[in-house]
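Structure first, commentary second.
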Amino acid sequence: MSEVLYLAGENLISPIVLSFALGLIAALARSDLSIPEAAAKALSIYLLFAIGFKGGVSVADHGIDLSLGQSLVAGIVLSAITPLIAFLLLQLLSKMDRLNAAAVAGHYGSISIVTFVAATSVLENRGLSSEGYMVAVAAAMEAPAILSALWLASRDGSGKKMDKELWREIFLNGSIVLLIGSFLIGWITGPKGLAEIDSFIVAPFKGVLCLFLLDMGLLAGRGMKSGRGAVGIGAIAFGILMPIIGSLLGLLCAFLLGLSVGGSMLLMVLSASASYIAVPAAMRVALPEANPSIYLTLSLGVTFPFNLVLGIPLYLTLAQAFIGG
Amino acid sequence: MSEVLYLAGENLISPIVLSFALGLIAALARSDLSIPEAAAKALSIYLLFAIGFKGGVSVADHGIDLSLGQSLVAGIVLSAITPLIAFLLLQLLSKMDRLNAAAVAGHYGSISIVTFVAATSVLENRGLSSEGYMVAVAAAMEAPAILSALWLASRDGSGKKMDKELWREIFLNGSIVLLIGSFLIGWITGPKGLAEIDSFIVAPFKGVLCLFLLDMGLLAGRGMKSGRGAVGIGAIAFGILMPIIGSLLGLLCAFLLGLSVGGSMLLMVLSASASYIAVPAAMRVALPEANPSIYLTLSLGVTFPFNLVLGIPLYLTLAQAFIGG
Amino acid sequence: MSEVLYLAGENLISPIVLSFALGLIAALARSDLSIPEAAAKALSIYLLFAIGFKGGVSVADHGIDLSLGQSLVAGIVLSAITPLIAFLLLQLLSKMDRLNAAAVAGHYGSISIVTFVAATSVLENRGLSSEGYMVAVAAAMEAPAILSALWLASRDGSGKKMDKELWREIFLNGSIVLLIGSFLIGWITGPKGLAEIDSFIVAPFKGVLCLFLLDMGLLAGRGMKSGRGAVGIGAIAFGILMPIIGSLLGLLCAFLLGLSVGGSMLLMVLSASASYIAVPAAMRVALPEANPSIYLTLSLGVTFPFNLVLGIPLYLTLAQAFIGG
Amino acid sequence: MQTHAAKRVEITIERVMQSRLTDALSAAGVTGYTILPVYGGSGRSGPWSRSGQVSKAGGMVQVVCIIRPDRLDALLESAFAVVERHIGVVCITDCDVLRAERF
Amino acid sequence: MQTHAAKRVEITIERVMQSRLTDALSAAGVTGYTILPVYGGSGRSGPWSRSGQVSKAGGMVQVVCIIRPDRLDALLESAFAVVERHIGVVCITDCDVLRAERF
Amino acid sequence: MQTHAAKRVEITIERVMQSRLTDALSAAGVTGYTILPVYGGSGRSGPWSRSGQVSKAGGMVQVVCIIRPDRLDALLESAFAVVERHIGVVCITDCDVLRAERF
Ligand SMILES: Nc1ncnc2c1ncn2[C@@H]1O[C@H](COP(=O)(O)O)[C@@H](O)[C@H]1O
Ligand SMILES: Nc1ncnc2c1ncn2[C@@H]1O[C@H](COP(=O)(O)O)[C@@H](O)[C@H]1O
Ligand SMILES: Nc1ncnc2c1ncn2[C@@H]1O[C@H](COP(=O)(O)O)[C@@H](O)[C@H]1O
Ligand code: NA
Ligand code: NA
Ligand code: NA
C-alpha cells in the first residue's frame, strides 16, 4: 500500500500530471486559456505516430513474440466483454436508462490512447520495458466495444442498424489507421528507421505529452462544469470502480498470456481506460438519442483523471506484485 | 557606446532578429506569406510554457531568493505607475485625445512576453544568468497597467465600470495562467522534471522563437501599412522614448532590489516593453471607443521592433555599466 | 540497373516513403484520417524555413561557388523551357485541349519543394554533400514556368492579360519569400546561427518530413479518387515520362555547370518535379477555365509518387554514373 | 443586374453526420453546396465549443445549398431523413442569384 | 414538407464580446445559437484578418440565432445592449424552419 | 426595435480571388464586408475539402456584404466583373438591420 502511495505521490508531481492539473484548474476558474483545435489535433497525430512507430521498432528489435497473436485476441475479447460488465455495474450503481448505460458501457470497453501513452512514460521513467506490440493491442481494442454497445442498445429496439458506412467509419477511423500504420512503418524500418527520426519522435515526446495533457485538463474541466447535472453520485462511483475492475480483468489476461510486468501494466491500463475520441463519435452516429454529457463526463471527467493520477501507479504496483519483478 | 553598437550589430545578425525582419519585409512587399492563426497560437503556447517552466526550475534550483516577494511588488508598482508617466508623455509629445492616450498608456505599463523571451536568449548567448522568478514578475506586470489605464480613462467619464467579468478576464487571461502555471510546475518538479522534458522545451526553443518572430514581423508589417495614418510623428517619438524611460525605471528598481545583471536587464526589458496581446483585448472590452490602430501600431509597429533591435543591447549595456558585471 | 533497384528498394522502406504510402492507403480506403489545414501549413513553413536556412549556412560555410550565378540562370532557363517540351509531349501522348495542356505544362516547369527536400534527405543518408545554393535555384525555378504556361495559353487567345497584381503574387508568393528569406538568414548568420537553432531545424527535420508526407499521401489519395475520370492513360504516361525527360535536361545542365554528384541529382530532381502548391494557385487566377483536376491529379497523383519512390533513386544512379562519384 | 429567385437552405448538423448528409443530397440530385466550419453554439443540449477538441463528436458544420425553388422539396426530404433522429437545424430563406443556369 | 416561419438573426461581433453576448442572449431566454468563425473583414475601421494573430482583440465571430418571430424583439434588445458601444452588425432575415417545436 | 431594410449579399468565391474581389468592392465604394472561412463544398467541378491543404488553390471563402438596397447594383456589377470567368456563387437576400447609419 505504501508503495502505491509513494508511486502515486511521485506520479502526482510529474510534469505530465501537473500539466493536466493546470488545464483542469484553468478551466474550472473560467480562464480563457485554450489550445486551438488544429493544434490539439496535431499534437494527437504526433503522439499516435510516435507511439505506434516506437512500438513497431521494438517489435522489429526483439523479434515477434509468440504471444502477439494471443494478445491481440485477448485485447479484442476484453474490449468486447468489458461493456457487458460495465452495463451491469451501471444498472446496479445508478438509475441510468438502458440506452445511456449501453453508450457509457461502450466507452469503457474501448481505450484511451493518451492514458496508454502516459503509462508508457511512467514505465520508461522506472526503467521497465514492455512488449512493443502492446500498441497493436491498443488499436485492436478500440472498436469491438462499440459493437457490444450497439448490441446492448439494440436489445431495446433503440440504436440504428449497422450500415456498411458505419462499419467502415469504426474500423478505419483516423486514430486506428495512424496507430496501426505507424506501427507497421516502425516494424518495417526497424532501429535504422528509428535512428533517422528519433530526435523527432523520441526526444520531445514527453514535452508534447505535457501540452496535450494541458489540453485534456482544459477539456475535462470544461466538461465537468457543463456536465455537472448529467451524472449522479452512482455514476461517478461507477467511473472509479469500473477502471479498477477493468484493470483486474487485464491483469488476469496478462497473467494467462505470460506478459512482462510492463506489458501487464499496459494491458491493465488499456482495460481500465475509457475512450473519449473514437467511441463518442460512433455513438453520435449510431445512438444519437444517448446523452453525450453523460458519457463524456464519466470518461473524460472522472475515469481519465482517476487513471492518470491514481490508477496508473496502482496498476503498476499490482502488476509488480502479481506478475513479479 | 561602441559596446552598445557592437552588441546591437551582433544582435542584428542573429537568426531571431533576422526572422523578424524577414516577416516585416514580406508584409511590406505585400507577399502572401502568412502563418495560420492556430499555428501562431500554438507557438505562443509553447513559448509561454517553456519560459515559465524554465523559470520555475531555476527557482527550484537556486532556492528562493529573499527578493522574490520584493521583485513582485516592484513589478506591480512599475506596471501600475508607468501608464501615468506614459499618459503625460503622450500629452506632451502628441495631440492624442485623452481616451486614446489612456489606452496607449495601459499598453506601456504592461509587458510583451516575446520581448522578454528574446532578451533571455540574448542573455543565454552571452552566458549571463538571471533570477528565475523574473518570469513570475513578468506575469505580475501584465494586469496592473490595465487598471491604471481604466482609471485614467474614467477621469473623463469614458470607460466602462469594471464588472466582475472583466476583472476575471484580466487576471485569468490565458497567458498569465499559462505562465504562472508552468512556472509552478517547473518549481515543483525541479531539475528532475526539466530532465524529462528538456529536449522539448530547451533545445528547440530558439528555433521556435524564430518562427514566432517571423509571424510578429508579418503582423507588424501589415499593422504598419494599415495603421499608417493613425499615428503622427509625435506618437512615434513616444514609441521610442517611452521604452527608454521605462527601462530606466526598471534599472532603478533593479538596483534597489539588488538584482543580478541579467535580472536587471530583464526587469528593464519588462518595463520598456509594451503589451500587444492581453491589453488590446482588455481595451476592446473596456474602452471600445479607443482606436486600436493607434495602440497596436505603436506597440507592435514601433516599440516592439525598437526593443528587439536596439533596446535589448542598450538595456544590457546599461545594466552591465550600472549594476556591475 | 541493379544499383537502381537496390537504391529503390532501400528508398522504399524508408520512414519517409512509407509515411506517404500510409497516407495514400488511408485515403484510398476512405479512412477519415486527416491533418488539419493549419497544421499542414505549419509543417510546410517549418520545412521551407529549415531547408532554406541550411542551404544558406552551407553557402556561408563553403564560400560562394563561382557557379551560383550560372546555376540560377540555368534553373530559370530550365523552368522556362520545360513547359514547352511538356506541352509538345502532352499533345503527342494525349488528346488534351491546348488550354489544359498549357496549364499542365506550367506545373512541370516549376518545382515541388517537398520532392527536393526528400531528395536532400536521401543524399544525407548516403553521406553525399551538395551545393548549398541549390535551395536558391529551387526558389528561382518556381515562377518562370508560370510565365511560359501563360504564354502558351495566350497563343490561343485564352488566358488573362498578366496584371501587375498577378506578377506580384507569383514572384512574392509565400513559399518563394520564405525559402529565399531563410536562405539569406542562414547565409548571414552562418554556422554560428545554425548552432543556435540546429536542434530545431536539423534534428527533428526528417520526422517532420514524415508527417508532411503522410499528409501528401492523404491528399494524393483523395485527389486520385476524385480526379480518376479527368486524366486518361496518355496523360498518365506523360506524368511518368515527363519527369524522366526533365531529369535528363537537369543532368545536362548539371554537367555543363560542373556541379557535384549531389548537386546534379538535386537539379535533376528539380527539373523532374512538378509544382502542386504555387502553380495551381496561379493557374486558378490566370487560367480559370483550365481544369484543376487534370493538373493536380498529374502533379500530385502521378508524378509526385513516381519521383518519391522511383525517380529519386534513378536520378541518383544517373548522376553517379555520369557525373562521377 | 439580372437576378433569379432561388432558395438558400442552411443545414446546421453534427460533423459526424456531414458525409451522410452530403451523400443523401447527392442522391437527391443536389450537387451544389458549401460547408462552413462552426466554432461553437448552444441548444437544448447546452453550450459547446470546438477549441481544444480532438474527437469529431461534439462539433457541427453548416451546409449551405442554393437551389431552384422547384427542387426545394426534394432537398428537404432527403435532408430530413438524415437529420431526423439527430440534433440539427434546417433554415430556408428566399434569395436571388446571379447566373441561374448554375443551379 | 411542413415548414414554419421564423427569423434568422446574424450578429457579427468582436470576439472579446462573444461571451457577453451569449450571456445576454441566455438571460433573455435565447438558448439556441450557432457561432461561426470569421476570417477577416472590413468596415469603417479598415480591413483586418486573423491570420497569424495571437491576441483575441481584433477578431470577430458571427452568432446566428434562429427564433420564433414573436421573440425577435426580446433578442434584439438584449443583443443591442451588448453591441451598442461596440463595433458589430446585426442582420435579420425572414426564414422558414423544419421542426418548429425546437425554437 | 427600429430596423431598416437592407440587402445581404453572400459571395462564395475562390480564395485566390479574394483580394481581387475586395479590391473591386472597395473601388465600387463597398467598404463593409465580412469574410467567412469555407471548409469544403461541392459543385459542378465535384467535391473538395480544405483539410490537409497547403496551396491556396482549391479553397473558397464567403464574403458577406450588407448594404443599402440602392447600392446593390453597383456592388453586383463590380462583383460580377471579378467572378465572371471564375467559379463562385452570388446570393442576395432581403434583410433588416439595426443602426442603419452604418451602411
Ligand atoms: N435556434 C437556434 N439557432 C441557431 N442554432 C441553433 C439553434 N438551436 C440549435 N442550434 C445549433 O444546433 C446545436 C444543437 O442544438 P440542440 O439539438 O438544441 O442541442 C446547437 O448547439 C447550435 O449549434
Ligand atoms: N456592411 C457590412 N457588411 C458586412 N460586414 C460588415 C459590414 N460593416 C462592417 N462589417 C463587419 O464588422 C466589422 C467592423 O465594422 P466597423 O465597425 O465598420 O469597422 C468589419 O470589419 C466587418 O467584419
Ligand atoms: N448550389 C450551390 N449552393 C451552395 N454552394 C455552391 C453551389 N454551387 C456551387 N457552390 C460552391 O461553389 C463551389 C464551386 O462550384 P462549381 O463552380 O459549380 O464547381 C462549390 O464547390 C461550392 O463550394
Ligand atoms: Na477499456
Ligand atoms: Na512595460
Ligand atoms: Na520541374
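Scope of the values below: all heavy atoms of this structure, side chains included, with no hydrogens, waters or symmetry mates. Keep in mind the model is a prediction, meaning the values are calculated, not measured. First the proteins, then the strands, lettered A, B, ... as listed; each starts at 1.
- If you tally non-hydrogen atom pairs under 4.5 Å between each of F/Cys91, F/Ala79, F/Gly46 and chain D, the highest count goes to F/Cys91.
- Residue F/Ile11 does not touch chain D at all, counting heavy-atom pairs closer than 4.5 Å.
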Dump the table of donor-acceptor contacts under 3.5 Å between chain F and chain D, or return none if there are none.
from, atom 1, to, atom 2, distance (Å)
F/Glu10, OE1, D/Arg8, NE, 3.1
F/Glu10, OE1, D/Arg8, NH2, 2.7
F/Glu10, OE2, D/Arg8, NE, 3.3
F/Tyr39, N, D/Ile35, O, 2.7
F/Gly40, N, D/Ile35, O, 3.3
F/Gly40, O, D/Ile35, N, 2.7
F/Ser42, N, D/Tyr33, O, 2.8
F/Ser42, O, D/Tyr33, N, 3.0
F/Ser42, OG, D/Thr31, O, 2.7
F/Gly43, N, D/Thr31, O, 3.4
F/Asp73, OD1, D/Met1, N, 2.8
F/Glu84, O, D/Arg99, NH1, 3.1
F/His86, O, D/Arg99, NH1, 3.4
F/His86, O, D/Arg99, NH2, 3.4
F/Gly88, O, D/Arg99, NH2, 2.8
F/Val90, O, D/Leu98, N, 3.4
F/Ile92, N, D/Asp96, O, 2.7
F/Ile92, O, D/Asp96, N, 2.8

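- Contact annotation for D/Leu98: both backbone and side-chain heavy atoms come within less than 4.5 Å of a heavy atom of chain F.
- Neither the backbone nor the side chain of D/Val63 comes within contact range of chain F, judged by heavy atoms closer than 4.5 Å.
- Of the listed residues (D/Cys95, D/Ala6, D/Cys65), the one with the most heavy-atom contacts under 4.5 Å to chain F is D/Cys95.
- Looking only at heavy-atom pairs under 4.5 Å with chain D, the residue among F/Leu36, F/Val9, F/Val83 that has the most is F/Val83.
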